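Data block below; observations after.
Letters go in sequence order (proteins before strands), and every chain restarts at 1. Values in this document were obtained by computation on a predicted structure and should not be read as measured data. Values reported hereafter were calculated over all heavy atoms of this structure, with side chains retained and with hydrogens, waters and symmetry mates removed.
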Number of protein chains: 2
Amino acid sequence: MSTQEASPDPELDDLYDNWYIDEPQGPVVQPDEIIVPCLPTLSDELYHLIMAPVSLCALLLLSFLIRRRKLCISCCWGVPGVLSPLNLLEASGSSWVPCAVFGLLVSSIVRLFLDPTAMNFIPNNYGGLLGYCWKILALFYYPALYYPLLASNRLDGPRAQKTIGYSVGTILSWMHCGALIWQKAECPQSQQYYRYYSLLSTLPQIFCLVVLSLMYPVLLVQQCRRSSNSKQMSNRNYYLKYLKNLLKSKRSKRSKDSVSIGSQVSLNLCSYLCPPHRGLNLPLRPILAVTVSVLSAYQVALLLLVGFLPTVQKIRGAIDTELVLMIAGFGITIDDDKQKSVEYIVYYIWATEVCYITALILSCTVTVTMLLRSLVKHRWALQCLFAGQASKVFLDSRPLQKTSPTLASWMSHISYQASVTCIGLILQHLLLFIFHMIVTFLIIIPIAYGKFQILRKLLENTWPFWLLLFLVTVVHQLCARFLFLKGNPSQITRRKSLFMLTYLMFPVNFLRGELLALARLVVSVIFNVIHFCRLDLSLLQHSAQGWDPGYRNYCNFLIIEATECHPVVRAFCLLIKPNRWKQPDLEEGIHLMPADGRLMKGARSQLARARWGLAYTLIHNPSLLCHRGHKSINGGSPTCPT
Amino acid sequence: MSTQEASPDPELDDLYDNWYIDEPQGPVVQPDEIIVPCLPTLSDELYHLIMAPVSLCALLLLSFLIRRRKLCISCCWGVPGVLSPLNLLEASGSSWVPCAVFGLLVSSIVRLFLDPTAMNFIPNNYGGLLGYCWKILALFYYPALYYPLLASNRLDGPRAQKTIGYSVGTILSWMHCGALIWQKAECPQSQQYYRYYSLLSTLPQIFCLVVLSLMYPVLLVQQCRRSSNSKQMSNRNYYLKYLKNLLKSKRSKRSKDSVSIGSQVSLNLCSYLCPPHRGLNLPLRPILAVTVSVLSAYQVALLLLVGFLPTVQKIRGAIDTELVLMIAGFGITIDDDKQKSVEYIVYYIWATEVCYITALILSCTVTVTMLLRSLVKHRWALQCLFAGQASKVFLDSRPLQKTSPTLASWMSHISYQASVTCIGLILQHLLLFIFHMIVTFLIIIPIAYGKFQILRKLLENTWPFWLLLFLVTVVHQLCARFLFLKGNPSQITRRKSLFMLTYLMFPVNFLRGELLALARLVVSVIFNVIHFCRLDLSLLQHSAQGWDPGYRNYCNFLIIEATECHPVVRAFCLLIKPNRWKQPDLEEGIHLMPADGRLMKGARSQLARARWGLAYTLIHNPSLLCHRGHKSINGGSPTCPT
């Protein structure tokens with residue numbers, strides 16, 4: 001569907017070009033407007049023909065590496081294991097690699113649908129059923145192509161395996177990055193929409209690949225230097241620190257009186273987007289969601305820009321006195337002087353362009369602000385849920401239960417966030433463009449040039465009305481303040497006069513009500529359009545908020561996040577099972593109770609209490625931790641001097 | 001502003017008429033289409049020239065009647081008092097007369113702005129500053145004209161005064177009603193919009209006047225028969241009954257198992273719009289608001305109907321083969337056969353008309369349903385506030401304090417509700433019309449006639465996409481249900497596969513997300529448009545609901561209603577101050593405590609407790625009530641046999 005909207009028939013496009021440029025100017029094309037078709041040495045076909053087998057080989061290599069150590073006892077090679085792309089339920093850790101790969105993926109997918117030339121290397125891909133089938137295939141091909149880039153980061157085996165993983169990642173990312181940069185350096189210009197569109201739309205991909213090409217070598221070097229379980233240590237430290245933070249006595253509140261007003265304002269502004277840390281790290285998934293949302297919004301914004309601006313600039317360049325005569329034929333006279341008319345029209349078109357660009361910039365800013373704000377809200381919601389205050393978040397007391405729709409929503413949340421951001425950006429841009437056009441053409445130009453004085457004429461005719469409405473509003477407020485309310489707490493007095501005034505002002509209030517209805521419409525449209533890209537807010541009022549599919553998806557996502565990533569539970573598990581520190585399968589499910597569940601209720605609570613007591617002791621006496629391991633711990637623990 | 005939209009220049013209108021009818025048919029006007037200009041015997045000028053002085057005289061008469069009895073001691077005639085139009089803070093009593101007068105008023109005002117001929121009797125009233133000034137004058141003239149109709153009902157003096165008041169009301173309402181019916185009987189047709197528009201738009205006024213003409217004689221007869229304080233008795237009984245109801249032990253819940261499914265469904269449907277009474281009468285103001293809203297919505301709906309239908313029907317009648325040829329000149333061919341083409345075009349226009357009318361009927365139904373629903377919600381909110389559960393209503397704990405903005409909002413609530421209903425009806429109609437057009441032209445006509453097969457072509461090209469999205473949704477649900485969730489309470493298992501599936505499905509979920517974003521947009525637009533006319537719901541989500549000016553107005557209104565109309569407080573006052581039964585100034589403020597407020601805290605609570613004890617005794621022993629009066633009570637009390 002988006003292809004239909006985004007990519008009009010190229011023949012039709014040419015036709016319009018002819019209409020606007022050729023008719024007034026004749027078929028004279030400026031020499032700097034000619035774009036020579038360019039074929040890079042490493043064409044797209046060749047790129048995919050090389051990279052697809054390389055990725056497959058890397059994938060096979062990596063999957064033969066893992067799990068072998070477990071099954072090594074029974075057979076020599078073992079079966080190749082399932083490569084986990086990333087741990088989406090981890091509460092901390094570096095998120096550079098996953099963010100870069102997801103960004104790469106979303107940029108490829110959005111380009112696939114917005115840029116009709118993205119799949120030019122496949123024969124007969126234009127339109128029709130076959131084109132769609134190719135695109136469906138591409139939907140599965142791209143994640144498979146980039147899979148090894150992600151999986152190289154997640155090998156949880158011994159040191160040698162990790163080294164191999166990072167090496168594979170380095171080589172692959174360098175190959176991808178080099179190929180893309182080579183292509184774009186050879187052929188920076190293309191014929192679609194705008195000469196640099198292809199280059200600009202590839203920039204996020206290049207950026208993500210550069211990040212990967214830098215991160216993998218860094219990881220490789222770190223791996224060679226550091227001990228093997230230092231990453232798990234950092235995770236463990238985070239959970240234990242969080243628990244310690246919780247068990248500490250509450251800090252005394254800082255007095256706010258001594259802070260100056262300026263710094264207080266900046267503090268409030270700052271806390272709107274990045275509140276104080278308070279010990280809780282953001283999980284990986286919301287960060288991923290915001291990253292892919294920003295990158296897909298970039299693609300949409302770029303398309304909005306290049307789909308409008310070059311065309312309008314061409315039209316602006318082609319305005320001349322002939323067009324003014326043609327317009328005059330329809331009865332529209334702009335100015336008596338022809339040359340001045342041309343100047344005016346050019347100026348108006350230029351003003352429209354400015355409105356369009358400022359609206360686009362503003363909508364991008366608003367979208368990014370909203371996405372950052374949603375991170376803040378997400379952290380707040382997680383903290384509330386961790387503290388058991390579900391009703392504060394959902395405004396009703398729903399059970400935090402994992403059901404299959406909940407999990408299905410969790411699986412699709414990142415992509416939903418990105419999609420909703422794209423549509424939200426378009427809506428925002430539309431709204432802001434209309435707003436800017438109204439301000440420019442009904443307020444600024446009439447004041448500056450004396451044209452389009454629609455508002456002035458309207459005001460000249462209707463000013464008694466506006467004066468009346470204003471006076472009635474003032475009378476209402478004054479009467480309510482000084483006549484009808486007396487005493488403290490206020491009591492209504494002079495009731496007969498109050499009722500009489502209410503009755504007599506009824507018709508005028510009816511007119512004020514029309515203004516209120518208009519204000520209601522405008523406020524709700526503006527608020528809902530601005531917050532459209534935030535899935536953590538419902539667009540409906542609270543009693544019907546569950547009907548908003550986006551918000552419902554977010555609620556389900558939040559339930560899974562809160563139940564799976566509770567840092568206190570994780571810290572507890574780490575404390576009472578020190579022999580599991582080294583093993584990578586903490587994530588494979590936390591079992592605090594015996595699996596058979598045949599313990600009596602009393603014994604169970606006794607056991608739980610004993611365990612909590614143990615955990616409490618250990619968190620306050622970290623030096624005891626190292627003496628609890630059943631097996632000796634490889635490498636030095638930061639809390640236990642050896 | 002509404003005049004600008006609603007009343008296009010009549011000359012322009014004629015021009016269009018010429019365009020559509022005369023060009024294809026020649027200047028042949030059907031004899032049944034000629035509307036002879038009609039001048040009624042009682043013209044509008046004459047009507048206002050007679051009724052304005054009569055109303056003024058009635059007003060003076062009534063204002064000389066009241067208060068005289070109070071000041072009679074010092075001087076012979078006393079000063080004329082302020083005529084209270086109606087008691088807007090009364091919780092019960094007949095609301096026929098106020099509803100009829102407010103309905104009359106709102107019909108006049110809406111007609112004044114929607115019907116350009118409503119003020120034809122004033123010279124030079126078309127457009128311009130002068131026309132607006134006349135309209136502003138009319139905004140104050142109409143409430144003054146109908147003031148005596150309302151005030152006649154509110155004379156709280158002795159029997160003779162009431163009889164005079166009702167007589168005046170009867171005479172005035174008969175005069176108004178007779179004049180209007182006479183005018184319309186003589187000249188039922190007019191030239192504006194549609195021949196019967198003027199008649200149809202006057203119908204609500206006639207209806208309201210008929211109600212008044214019937215109610216005043218009935219009141220007069222009742223007044224002659226009944227005792228003078230029986231109305232206050234009925235009020236008093238309501239408050240006491242409410243208190244009794246509260247103090248009774250709670251009723252046992254009826255078992256719902258024995259009820260059949262059919263009756264349960266109808267019970268639920270019924271309780272959506274008219275829940276069980278539970279002792280609390282609705283106050284007058286919300287009833288007034290709903291009445292005026294319905295009447296103003298009728299005027300708007302009528303204008304929507306007559307502004308569209310006759311024109312389109314004329315166009316439909318003027319379609320012939322020449323038009324088909326003209327359309328073919330633009331390259332649009334509907335059918336090879338010319339006659340069939342004409343039939344098709346006529347059929348399409350007819351289908352559009354049907355869509356328009358059904359959308360209008362449906363939007364009127366929805367508006368009325370929403371208004372009735374808002375009454376239910378208002379009753380619920382009042383009950384919650386009476387029970388002290390303000391946070392249940394406002395979702396935050398705000399103090400129920402009367403401030404001047406609160407009171408100002410309360411004064412304008414009825415008219416705001418009517419205005420918002422008008423705009424809401426227009427929005428609903430627009431939405432439903434678009435929806436009906438889409439359904440008709442993209443679904444019904446393609447299936448029935450094989451035309452406009454846009455959807456089929458789209459589906460033929462893109463079905464692999466829809467199949468893919470459907471399959472992926474099913475796969476997500478099935479995997480979540482049977483693979484990744486195990487045990488009770490559910491635990492997430494096979495995490496590596498879950499993460500891998502999440503990653504691989506990311507691009508497809510991106511497409512599903514676009515559908516979700518579309519669904520979000522559609523759901524929020526539909527919900528907010530349908531609920532636009534309900535001021536008791538915010539159009540924004542809960543954390544920003546105060547930014548909705550309509551909802552804020554309703555909240556302020558609700559605060560005043562709840563603090564002023566608490567039936568328990570009123571019953572309490574009635575119980576402990578029996579000598580005030582007869583006096584009309586219960587409404588003049590309830591003073592439970594000594595005015596100087598110099599009592600100590602202990603003494604105060606002791607006094608309050610003693611008073612509540614007294615009230616509790618009296619409500620359970622109503623026979624004691626009649627022995628408490630300091631003065632003897634005129635007329636028989638229903639609870640105290642004399």
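Under the 4.5 Å side-chain criterion, counting only non-hydrogen atoms from C-beta, A/L150 is not in contact with B/F499. Looking at heavy atoms from C-beta onward, A/S419 lies out of side-chain contact with B/L516 at the 4.5 angstrom threshold. You'll find the side chain of A/L504 stays beyond 4.5 Å of the side chain of B/F140, heavy atoms only. Residues B/V292 and A/F510 are not in side-chain contact: their nearest non-hydrogen atoms beyond the backbone lie 4.5 Å or more apart. Taking the side chain as every heavy atom from C-beta outward, A/Y416 and B/L515 never approach each other to under 4.5 Å. For the pair B/N509/A/I414, no side-chain contact is recorded, criterion being any heavy-atom separation below 4.5 Å from C-beta on. Considering only heavy atoms from C-beta on, A/L539 stays 4.5 Å or farther from B/Q541 through its side chain. Using a 4.5 Å cut-off on side-chain heavy atoms (C-beta onward), A/R520 and B/R552 make no contact.
Contact of B/T403 with chain A is made through the backbone alone, with heavy-atom distances under 4.5 Å. For A/C422, the part lying near chain B is the side chain, with the backbone staying farther off; criterion is any non-hydrogen pair under 4.5 Å. Using a 4.5 Å cut-off between heavy atoms, B/Y146 contacts chain A through both its backbone and its side chain. With a 4.5 Å cut-off on non-hydrogen atoms, A/Q417 does not touch chain B at all.
Taking CG of B/L288 as the start and CZ of A/F506 as the end, the distance is 8.5 Å to the nearest 0.5 Å. Atom OG1 of A/T462 sits about 12.0 Å away from atom NZ of B/K135, to the nearest 0.5 Å. For the atom pair B/C479 SG and A/L407 CG, the distance stands at 9.5 Å (nearest 0.5 Å). For the atom pair CD (B/Q401) and CG (A/L485), the distance works out to 11.0 Å, reported to the nearest 0.5 Å.
For the set A/V508, A/L521, A/V529, A/L501, the entry with the most heavy-atom pairs within less than 4.5 Å of chain B is A/L521. Counting heavy-atom pairs closer than 4.5 Å to chain A, the top residue among B/T421, B/L105, B/V106, B/L427 is B/L105. Ranked by heavy-atom pairs under 4.5 Å with chain B, the first of A/W463, A/Y142, A/Y551 is A/W463. Contact count versus chain B (heavy atoms, under 4.5 Å) is highest, among A/G513, A/S415, A/P549, A/A418, for A/S415. The greatest number of non-hydrogen atom pairs below 4.5 Å with chain A, out of B/L478, B/I109, B/T563, B/L395, is found for B/L395. When A/H531, A/K402, A/H476 are compared by the number of non-hydrogen pairs under 4.5 Å with chain B, A/K402 comes out ahead. With respect to chain B, the highest number of heavy-atom pairs below 4.5 Å among A/T406, A/V525, A/L468 belongs to A/L468.
Considering all non-hydrogen atoms of both residues, A/A480 and B/S404 come closest at CB-O, 3.4 Å. The heavy-atom pair separating A/S524 from B/L540 by the smallest distance is CA-CD2, 3.6 Å.
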| task | Take B/R285 and A/T502 through the test side-chain contact (heavy atoms from CB on, under 4.5 Å) and record every step on the way to the result. | result | CA-CA 11 Å; B/R285 280 184 73 95; A/T502 308; 3.7 Å; yes
| task | Could you go through the side-chain contact (heavy atoms from CB on, under 4.5 Å) check for B/D548 and A/V523 one step at a time? | result | CA-CA 7 Å; B/D548 183 344; A/V523 165; 5.6 Å; no
| message | Before you tell me yes or no, could you show the steps for B/L498 and A/W410 under side-chain contact (heavy atoms from CB on, under 4.5 Å), namely the whole-Å CA-CA distance, both residues' side-chain angles and the distance that decides it to 0.1 Å? | response | CA-CA 11 Å; B/L498 171 66; A/W410 177 85; 3.8 Å; yes
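Below 30°, between 30° and 60°, or above 60°: for B/F102 and A/Y503 the angle between ring planes is above 60°, a perpendicular geometry. Aromatic ring orientation, B/F527 versus A/W547: perpendicular (interplanar angle above 60°, classes split at 30° and 60°).
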